[in-house]
Structure formats: structure tokens, C-alpha cells
Amino acid sequence: MPKITINAKTLEVPAGTTVLEASLEAGYQIPTLCHVAGRPALGACRVCVVEIGGYPRLQAACSTPIAEGMEIKTNSPQVREARRTVMELLLSEHQGLCTICDRDEDCELRKIAGTLGIQGTPYEGAQALLSLDESTAALYRNTGKCIKCRRCVSVCHEVQGVGALFPQGRGFDTLIGPAFSSPLAEVVCVQCGQCAAVCPVGAIGERQQVDAVWSALSDTSKHVVVQTAPAIRAALGECFGYPPGTVVTGKMVAALRRLGFDAIFDTNFTADLTIMEEGSELLSRLKTVLVDHGEAALPLFTSCSPGWINFAETFFPQMLPHISSCKSPQQMFGALAKTYYAEKIGVDPKDMVVVSVMPCTAKKAEAERPEMRASGYQDVDHVLTTRELALMIKTIGLDFRGLPDESMDTPFGISTGAADIFANSGGVMEAALRAAYELVTGRSLPGDNLHVTQVAGLTGVKEASLVLSDLLPDWSFLEGVQLNVAVAHGLGNARNLVEGIMRGERRYHFVEIMTCPGGCIGGGGQPRMTTDDVRLARMEAIFREDEGKEHRKSHENPYVQALYKEFLGEPLGHKSHQLLHTSYGV
Ligand code: HC1
């Protein structure tokens, strides 16, 4: 291992380590505005410059690999002066309306300016004019705040394989944005919000719906219910000082109650319902192919992640018949809240307001799709991100950490562990396999370890195969059939997988695709900054939540069973089709 010195401390670090990583190892944090841990270096912001013995100029620590004998100074007068100049130039171009910026304490530019003791800028710069793009339902872009770090460009192209944002022009005239300065709504943006998740300043963020929710909560003629997505409970705590991987379900419920919601429900309930509907759809397609020798689009793709739906509609319209017709759990919830539940409690659906708390920005756009009005009204009225919920809790001055643990309300607050794991990449697949095994064999899964480890974790594309035997008579056509499944997360991985399937190189029966790296735990609306370590901690937390549940398989949810008995009839029945299914490309 190469031996180096950092600020006179000698250490050995593995070859290939960058100066930035080695410095961290040596106990020195170097500020950066473009680098994201675990991602390739961009070398764009130049804030991380260091002095290296023998080099004629200062070097960017993020993009310089260490070499034997390097003598690095991370904090010399020359380094401090250069960082100050770079920051002052960036500040001269940044529209610093800090008092009315939604990044508040979370702005990386302000934080670094603070640690460097910068209180102003002597440069006039080329103050970018405010250009606010609010053309999509999910995201705003404010070019006046952009510091051209290129994190958004990198994540949009390299992680998501979308390519909606580009650097254009040179020097002071550089602009980051869609080609020809088009509005986001007119380009291939899928509204996943991964750009907003990495933006160090307030240049890209979610379009907040906090004010609309406050209005609903203060309108006494409205019955306001809230649903929380599976991934919120493993991340919300980070906004209140808990380490990543802390589950705060009970405190989240208590906070929602104190915010004034009339009923606190769980998207997990309709995640369980999704397994019933989507599992039935898969078995029905398999039966069509294997028994009737008819045609059915296989593999079946999951449909719960709206960024993936937007991506497929934009880039792979020929694959739309393969996508499950199930609405996402968010939308199933809205449709049921304004029909079944409204009737049950005697509230006119026009007076019911459904609010979602989602880790995902694309959910805001999904709620506004014109076909999502099965109840006769917009099924989901307002969608908040995890960050927006944290803001509301802070606004009312609640001591979140001091809250007791409270439980969700019935009937839609009750869910199984299978629903919890929807939050993790591979979770929908695991939940489906848990249910399929028991429904098809009539036997309980052996043992307590229900995890399908082949489809868990952060590998980009994961695969598993299984053969079920001793099947119930209805399912005997599956006897001996090798069922092949695949899971992809992050749309770049999804693109590779789908292209492989289209070329006939890969053959599967069922495929789970989640838009964001790691699945919803890594959604574009989650607390910043979501590194791989954070993703893994949240995933572990979700598995712990699942393991602590009384029921861990969707078909065991007693309230889902009651819903079919009292209202829906059977999976894929007439009512289900009316309320819980949809079509794409509209
Ligand atoms: Fe997701 Fe889903 S798991 S899409 O990742 O199917 O956003 O958490 O709510 O709808 O249940 C997101 C999470 C979420 C839906 C569910």
C-alpha cells in the first residue's frame, strides 16, 4: 500500500484511494460542493483543492489519486486562500436569498462559507437572473441559485440513464438545464427527484404542497386523512438528529396526530393489497401461457414506482403491455379512501382530503395523472415528501424526539411485514414470493427467515430462480416450472435490464423495477444526503420493522381479507378493476 503524509501525519492507504478519501481517513474533512461519496469524481467545483509537494499548482482532492510518497497539505495558507476565492466567486453568482430558501440549515454552500469564515464576496460576478421553472408537478428549478456543480447532471445521466439536464455554454455564461433552456415538462425528465436529492443548494427541489395541507387541516368541513409510505419511517428521524437506520414509526404517527389529521393510515395497507392483485395478475398470465397456450405479456413488470412508469412511457413504450395494470399502493389508497372508507364513516367523498407522505417526488405527478380519479374526485389530493413532513413538524414546534410511540388507525393503518419491505429494492419481489409460495403450495413457509437474499442489497440488477413443488390442484400447472425473477433499482440499471430482455438475452417471468437507487428508501424526497451507507442503514431498519410484525405475509392481513369480503369481492374482480387498476401511455 502506498505510504503518504497528510498534514505531517504518515499513513498507508490502498492504491486507487483519492486524496479526498485519504484525508478523511487521516481525520481531515475537505469541503466539496460537487463530490458525492461513492460516486466518480466530477472535479467541477474546485473547493476541495489541496497542496501536494512537487505539484506546480493546487490539485482537486476529489479527482487526484494518491501516489507513493505524496506529501499533502489540506490546510496551508495557500489552500485556505484558494478555497476562499473559489467560494467568493461561487457566492457572487448565487442568488443568496437565504432567508426565504427551502434549504434552510441544509444548504451545503452556506455551511462551507460558514466554516471558512466567509461573510461576503468582493466580486460582482454575473448574478444569474431568477429563472424559475415550475412546469412539472414534482420539481422546481431555479437557475439563479445554481452553482454549476454538475451533481444533477451526473446523477441524471449516469445513475438514472435519463439525460434531461446538461451543462450549456462556457465560463460565467454556463447554464445547467434541459437542452435549449426548455422547461422540464417538455423534456425526458421522469420527475424522480434524484437531482434534487444531490443538489447542494436550493437550485432544484420538490414543489412543496405544505400550504395546501395546512389549508385542508384548518378547514373544519374537511375530513383529512394521511397515508405514509413504507420508506418514511426509516428516514424521517434523520431530520430530527437520529442516525440513519432509526425506525420512528410510532413518533411519526404521534406527530401526524398532533398536526391535526383526522385519521392516520398506512400506504403499507395497500402495499399488502397490491401483492394480492399483482400476484393474481402474474398467476393469471402464467396460466394463460402455460395452460391455455395463449398469449400474455411476460415478464410482468411491477408498476408501483411512478418514475419507472414515466421512464417506460418515454423510452420503452413497446414494453407497456408488460407492466402490471395495478395502480401503485399510493393510488389504490386514494381510490379506497374516497369510496369504501368514506362510505363506512359516512363522509361525502367531496369533503374528504387524502394526503400522502412519500419519499418520492414523482408521486406528486402520479397523483395528478388524469386517470387517477376512480372515486370521481382526484383520489390523492396532496403529496408531501419526507422533507416536507419534517418541515411541518418543525413549524408547529413539536419536540419530535420527546413524542410517545402511537399506533395507526384502523382499518387502513394495519399492515404486514411484507408491506414494510416494499421500501427496499427487492422488497416487492420478496413480498410477492412470500405470498405466492403459501397460496400456491398451501403450506407455510418453513422457518422464521423469510428473506430472499438473492434479491436484497445494492447490486444494480439481481436475479433469482425457484421451482415450487407439491402444489395445490389449482396451481398444478406450475409444477416443475422454473420461475425466473429479476430486480433492478436506479433507472440506469433498469434500462440495461429492459434492453437485455428486449434483445432476448434475458428471460424472466416477473421483474421488479424501482426508480431510485436502493428503492424508495433512497427516494428523491428523502432527507439529504443519501449515500450508499445511508441506504444500507435504512434498508436494515426496514427489515427490522418487518421482522417485528405479527403478520409478515400480505395475504394474512386481516383488514385486507375483510376488505375483499365486505367490498371488493375477489382479486381482479369487477370492483378491483374499477378502483385499483389502470392503463399506461395515456
Ligand atoms: Fe414506495 Fe410504494 S414502496 S413506490 O417505493 O409501492 O414512494 O416507500 O409508497 O405507492 O407502498 C415510494 C415507498 C411507496 C407506493 C408502497
Side-chain angles (χ1 to χ4, degrees), residues 138 190-194 197 206 226-236 247 249 252 265-278 301-311 323-324 326-337 354-367 369 372 379-380 383-389 412-413 415-432 487-491 494 512-526 530 535 538-539 541-542 545-546 554 557 560 580 582:
V190 299
Q191 307 190 48
C192 68
Q194 286 298 311
E206 65 271 52
V226 64
Q227 58 167 322
T228 58
I232 310 300
R233 64 212 71 197
L236 179 65
V247 179
T249 319
M252 173 183 77
F265 290 143
D266 209 343
T267 316
N268 288 21
F269 174 83
T270 33
D272 278 332
L273 190 64
T274 297
I275 290 299
M276 302 303 292
E277 293 289 327
E278 202 162 86
F301 286 88
T302 56
S303 58
C304 38
S305 182
W308 151 240
I309 298 297
N310 296 341
F311 186 76
I323 298 181
S324 164
C326 286
K327 288 180 186 169
S328 74
Q330 164 174 267
Q331 293 306 134
M332 286 191 185
F333 181 95
L336 287 171
V354 175
V355 176
S356 306
V357 185
M358 293 283 139
C360 167
T361 54
K363 289 280 177 197
K364 289 175 185 274
E366 182 186 53
R369 288 177 72 114
M372 297 297 176
D379 294 329
V380 173
V383 180
L384 304 171
T385 60
T386 317
R387 297 188 290 257
E388 287 172 87
L389 174 59
F412 292 165
S415 63
T416 73
D420 286 308
I421 60 174
F422 265 56
N424 292 350
S425 164
V428 180
M429 183 59 71
E430 180 172 321
V487 167
H489 59 111
L491 293 173
E512 175 202 298
I513 294 191
M514 284 293 174
T515 303
C516 297
C520 290
I521 48 96
Q526 292 280 60
T530 304
R535 285 185 186 92
R538 291 178 188 161
M539 281 178 152
I542 289 290
E545 187 80 339
D546 157 40
S554 296
N557 185 327
V560 167
L580 310 180
T582 187

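Read the numbers this way: they start at 1 and go in the same order the structure lists the ligands and their atoms.
The backbone N or O of Thr267 lies less than 3.5 Å from no partner atom in the side chain of Gln330, so there is not a single donor-acceptor pair.
Considering Glu430, His489, Met429 as possible partners of Glu512, the one that fulfils the side-chain contact (heavy atoms from CB on, under 4.5 Å) test is Met429.
Between atom OG1 of residue Thr385 and atom CD of residue Gln526 there is a gap of 8.5 Å, rounded to the nearest 0.5 Å. Here Asn310 contributes atom CG and Thr515 contributes atom OG1; the two are 8.0 Å apart, rounded to the nearest 0.5 Å.
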Show the short N or O contacts, below 3.5 Å, that ligand 1 makes with protein N or O atoms; if there are none, say 'none'.
residue, atom, partner, partner atom, Å
ligand 1, 8 (O), Pro230, N, 3.4
ligand 1, 8 (O), Ala231, N, 2.9
ligand 1, 10 (O), Pro329, N, 3.4
ligand 1, 10 (O), Gln330, N, 2.8
ligand 1, 10 (O), Lys363, NZ, 2.7

Exercise for the section: Would you sort out whether Arg369 and Glu366 count as a salt bridge (Lys or Arg N to Asp or Glu O under 4.0 Å), showing the intermediate values? Expected result: CA-CA 5 Å; Arg369 288 177 72 114; Glu366 182 186 53; over 6 Å; no
Handout entry: Criterion salt bridge (Lys or Arg N to Asp or Glu O under 4.0 Å) on Arg387 and Glu206, from CA distance to verdict
Key = CA-CA 9 Å; Arg387 297 188 290 257; Glu206 65 271 52; 3.0 Å; yes
